[in-house]
Amino acid sequence: MEETKTFAEFAISEDVLQAISDMGFEEPTPIQVMAIPQILEGNDVTGQAQTGTGKTAAFGIPIIERLDPENKNVQAIVLSPTRELTIQTAEEFSRLMKYKNGLNVVPIYGGQPIERQLRALRGPVQVVIGTPGRVIDHINRGTLHLEDVSMFVLDEADQMLDMGFREDIEAIFHETSDDRQTILFSATMPGPILDITKRFQKDPVFVKITRRELTVPQIEQTYIEVRERDKLEALCRMLDMNNPELAIVFCNTKRTVDDLMSRMQARGYFVEALHGDMKQIQRDRVMARFRAGSIDVLIATDVAARGIDVDDVDIVFNYDVPQDVEYYVHRIGRTGRAGRTGKSVTFVAPREIYKLRDIQRYAKIKIAKTPIPSLDDVAEMKQQLFLDKVRDVMKAGELELYLPLVEQLLETETEGEEQEVTSIEVAAALLKMHLEDSKTSMSEEIVELQPRAEPVPFKGEVEEGTYENCGAEPGMVRFRITLGKNQQIRPKDIVGAFAGECDIPGSAIGRIDLYSNYSFVEVPLEHADHVAEVMSGATIRGKELQISVATPRPERDGNDFRRDRRGGGDRGGYRERKSYNNNRGSYGNKGGNNYRRDGGDRRGGDRRGGERRNFRREPSHDFYD
């Protein structure tokens, strides 16, 4: 963090530098500093970094630099665990390719019409970014050819293994040349990840962000979960509620800083911007006005804010969740100085919530969630603040100049009546004029996000096939899908499809019951509506499915294949499991199936009630087959 490095110091072209500048980034993140030079040199790289640290650009920038625009075949492939990450990565590649003529990127994932992807793959495509299942589907169809691939990226490799994609990943590797460059990024490095590096990488360079011990300021830290489009309104309400003398708003990019400044100025706030594109004389002028109180709110990037030394900042807002935990600590350290109290508020979009969890884990802090103030709350606070000012003015005195005007109003008769006006009515009229004029006409309603709290148990009679009466465990919803064993569907296929398509953790998926031509799967209640919408008409292993809420399960399900999310209740019998343990780094049976037919597994179970297939997960395990 102390040594500043710029993107211009890398061996990258002016086209890519211009694209990076357009995106608003001022300096590379630590993982980019370590990874970009190694990838540019053609080395295999294994990187340990969390999502949100800038790792997409860490491999995206050097890959784009090494592409040959004259070669219209696929030269680079990036595997991502989820549809959402696939789309985000493809969008970032597109922005980085903005000034590179002749280069194209195509995302391929489930849930999108296959015909659209087929059309895109027929054209010139140098980069394919996709989920393992859909990549395998295109390979089997003969619509994706990887023989010209020279760069292979596994992004969030541990999550892909957690979702059961190991066999698919290995199959995709075998479709590429042995002399390819292989790049792997993972948040953790358990045994199976290290096994992949040994098998598919050549002398990889290991890069990792080493975090020093952080001293977190003892200030009040909260966050608000809000949609990206509602962040401006939420920020304005928080400013009105807290009424700070001085506040700093941090954004991740210069573009966001400039855009936010213009939008807040349009709402009547006294704000100025501070970022790396400004000349030093401009920065000094802005800082002088901020210290003098001529502007109430300073909007800044992390780089530009390093020179800020103001003791009486009341509150810090993180308009964007910072890309690195050290940035977060530096930001909130701008308030609560010199023994004063301070406060920080972070606005978190749903897709950013994992970044906030990483910050809390690494910094060893707890950031409390707080609700968005309503318009009524803001109006009431404004009234109280104005009344406080009125009291201060009355206490200060020196009102002689204005008393004659009040007396003149008191002598005024109301129209058509001979009734005198009272002093209370005069005061009320003045208050009405001021408060109505001060209302923010640009205020907007904010639709609250669905809470993440535990669902409330349902009580009462309901029809069969509803969320509340579908035969699932408490807090879960049991769905029926129209694919089963006769379609060669395996539990790991269901886990991978539901987790990848719906962007929910594989560990959140509960019990799976596999039958001949249909299956049951349980998902958390808070994800049920999204699962029902996304998975309707989706495909697993190239086969389209229909999904519906299950009816209550019978007293006992015979010949079932279950995955127990609680890790309990294993009665022995016929077991089929493959796992790795994040704590011990071990991998069960080296990728083979572990069959136990003797009825006497290590927990001493027995075979009761006929043959049963139990697919279950120990709490410490993250990957199954």
Do the side chain of S536 and the main chain of E533 share a donor and acceptor less than 3.5 angstrom apart? no
Residues at least two apart in sequence or cross-chain that pass ring-ring contact (aromatic ring centres under 6.0 Å, His included) with F498, listed by chain then number, are none
Apply the test side chain to side chain contact (heavy atoms under 4.5 Å, CB included) to residues L40 and I61: give CA-CA distance (whole Å), side-chain angles for both, the deciding distance (0.1 Å), then the verdict. CA-CA 9 Å; L40 283 172; I61 290 172; 5.9 Å; no
What one should report as the nearest heavy-atom pair of A528 and V523 is CA-CG2, 4.3 Å
Flag, side chain of T131 to backbone of Y109, donor-acceptor distance under 3.5 Å: no
Name all residues meeting the side chain to side chain donor-acceptor pair (under 3.5 Å) criterion together with D493; count only those two or more places apart in sequence or in a different chain, and write none if there are none. R490
Is it the case that the side chain of R180 and the backbone of S177 share a donor-acceptor pair, with hydrogens and angles ignored and the cut-off at 3.5 Å? yes
In Å and rounded to the nearest 0.5 Å, what is the CE to CD1 distance from M151 to I39? 10.0 Å
Minimum heavy-atom separation for D155 to M160, with atom names? O-CE, 3.3 Å
Are L525 and M476 close enough that some pair of their side-chain heavy atoms sits under 4.5 Å apart? no
Please report the interatomic distance CZ(F206) to CG(D44), rounded to the nearest 0.5 Å. 14.5 Å
Could you tell me whether E473 and R511 have a side-chain N and a carboxylate O separated by less than 4.0 Å? no
Does any non-hydrogen side-chain atom of I365 lie less than 4.5 Å from one of Q221? yes
Mind running salt bridge (charged side-chain N to carboxylate O under 4.0 Å, His left out) on K355 and D358 for me, showing each step along the way? CA-CA 5 Å; K355 295 184 184 179; D358 288 342; over 6 Å; no
Over 12 non-hydrogen atoms of neighbours within 6.0 angstrom of CG in D178: no
Looking only at the side chains, is there a donor atom on one of R541 and T539 sitting less than 3.5 Å from an acceptor on the other? no
One should read off an interatomic distance between N318 CG and I224 CD1, to the nearest 0.5 angstrom, of 11.5 Å
What one should report as the nearest heavy-atom pair of Q117 and P107 is CG-O, 4.3 Å
Considering only NZ, NE, NH1 and NH2 on the basic side and carboxylate oxygens on the acidic side, decide whether R478 and D513 come within less than 4.0 Å. yes
Does any part of the side chain of S519, heavy atoms only, come nearer than 4.5 Å to the side chain of L483, both counted from C-beta? no
Check the pair F479, F520 against ring-ring contact (aromatic ring centres under 6.0 Å, His included), reporting the backbone distance first and the verdict last. CA-CA 6 Å; F479 284 102; F520 294 102; over 10 Å; no
Can you name the closest pair of heavy atoms from T86 and I129 and give their distance? CG2-O, 3.3 Å
Taking 4.0 angstrom as the limit, do R134 and E501 come out as a salt bridge? no
Is there a side chain to side chain contact (heavy atoms under 4.5 Å, CB included) between V128 and L144? Walk through the geometry before answering. CA-CA 9 Å; V128 168; L144 177 61; 4.0 Å; yes
Return yes if some donor-acceptor pair links the side-chain N/O of Q126 with the main-chain N/O of N104 below 3.5 Å, else return no. yes
With side chain to side chain contact (heavy atoms under 4.5 Å, CB included) as the test, would you mind laying out the steps for I504 and I509 before giving the verdict? CA-CA 8 Å; I504 60 177; I509 297 174; 4.2 Å; yes
Is it true that a side-chain atom of T370 and a backbone atom of T222 form a donor plus acceptor pair closer than 3.5 Å? no
Check: T29 main-chain N/O paired with Q32 side-chain donor or acceptor under 3.5 Å: yes
Are F347 and Y223 an aromatic pair by the rule of ring centers under 6.0 Å? no
Excluding sequence neighbours, so at least two apart, what forms side chain to side chain donor-acceptor pair (under 3.5 Å) with N140? none
Does a salt bridge link K198 with D195, judged by any charged N lying under 4.0 Å from a carboxylate O? no
Side-chain contact test, heavy atoms from C-beta onward, threshold under 4.5 Å: evaluate it for I169 versus F200 and give yes or no. no
Are R199 and E170 close enough that some pair of their side-chain heavy atoms sits under 4.5 Å apart? yes
If only side-chain N and O atoms count, and only distance matters, is there a donor-acceptor pair under 3.5 Å linking R66 with Q181? yes
Under 3.5 Å, is there a donor on one side chain and an acceptor on the other for Q201 and T46? yes
Taking the side chain as everything from C-beta on, heavy atoms only, tell me whether I540 gets closer than 4.5 Å to I489. yes
Using a strict 4.0 Å threshold on nitrogen-to-oxygen distance, state whether K231 and D320 make a salt bridge. yes
Under the 3.5 angstrom rule, does the side chain of S80 hit a backbone N or O of T82 as a donor-acceptor pair? no
Return all side-chain donor-acceptor pairs below 3.5 angstrom for residues 89-96, not counting sequence neighbours, or 'none' if the list is empty.
from : atom 1 : to  : atom 2 : distance (Å)
T89  : OG1    : L85 : O      : 2.8
S94  : OG     : A90 : O      : 3.0

How long is the straight-line distance from CE of M97 back to CD1 of I64, given to the nearest 0.5 Å? 4.5 Å
Should the pair Y518 and Y515 be assigned to parallel (<30°), tilted (30 to 60°) or perpendicular (>60°) ring geometry? parallel
As a quick check of understanding, evaluate side-chain hydrogen bond (donor to acceptor under 3.5 Å, both in side chains) for D529 and Y467, giving each step before the final call. CA-CA 10 Å; D529 288 339; Y467 285 177; 2.7 Å; yes
Q75: what forms a side chain to side chain donor-acceptor pair (under 3.5 Å) with it, not counting sequence neighbours? none
What distance do Q159 atom CD and F185 atom CZ have between them, rounded to the nearest 0.5 Å? 15.5 Å
Who pairs with H530 by side chain to side chain contact (heavy atoms under 4.5 Å, CB included), at least two apart in sequence or on another chain? C502, V534
Polar side-chain atom of D158 near backbone of S186 as donor-acceptor pair, under 3.5 Å: no
Given I359 and V321, is the side chain to side chain contact (heavy atoms under 4.5 Å, CB included) satisfied, shown in steps? CA-CA 9 Å; I359 289 171; V321 179; 3.9 Å; yes
Taking all heavy atoms of P28 and all of V33, pick out the closest pair and write down the distance. CG-CG2, 3.8 Å
Heavy-atom side-chain proximity of L146 to I139 below 4.5 angstrom: yes
Is there a donor-acceptor contact under 3.5 Å from the side chain of T143 to the main chain of H138? yes
So which heavy atom on M163 is nearest to which on P81, and how close? CE-O, 3.1 Å
Can you tell me how far the NZ atom of K55 sits from the CD atom of E156, to the nearest 0.5 Å? 4.0 Å
Would you say the side chain of K208 lies within less than 4.5 Å of the side chain of M34, judging by non-hydrogen atoms? no
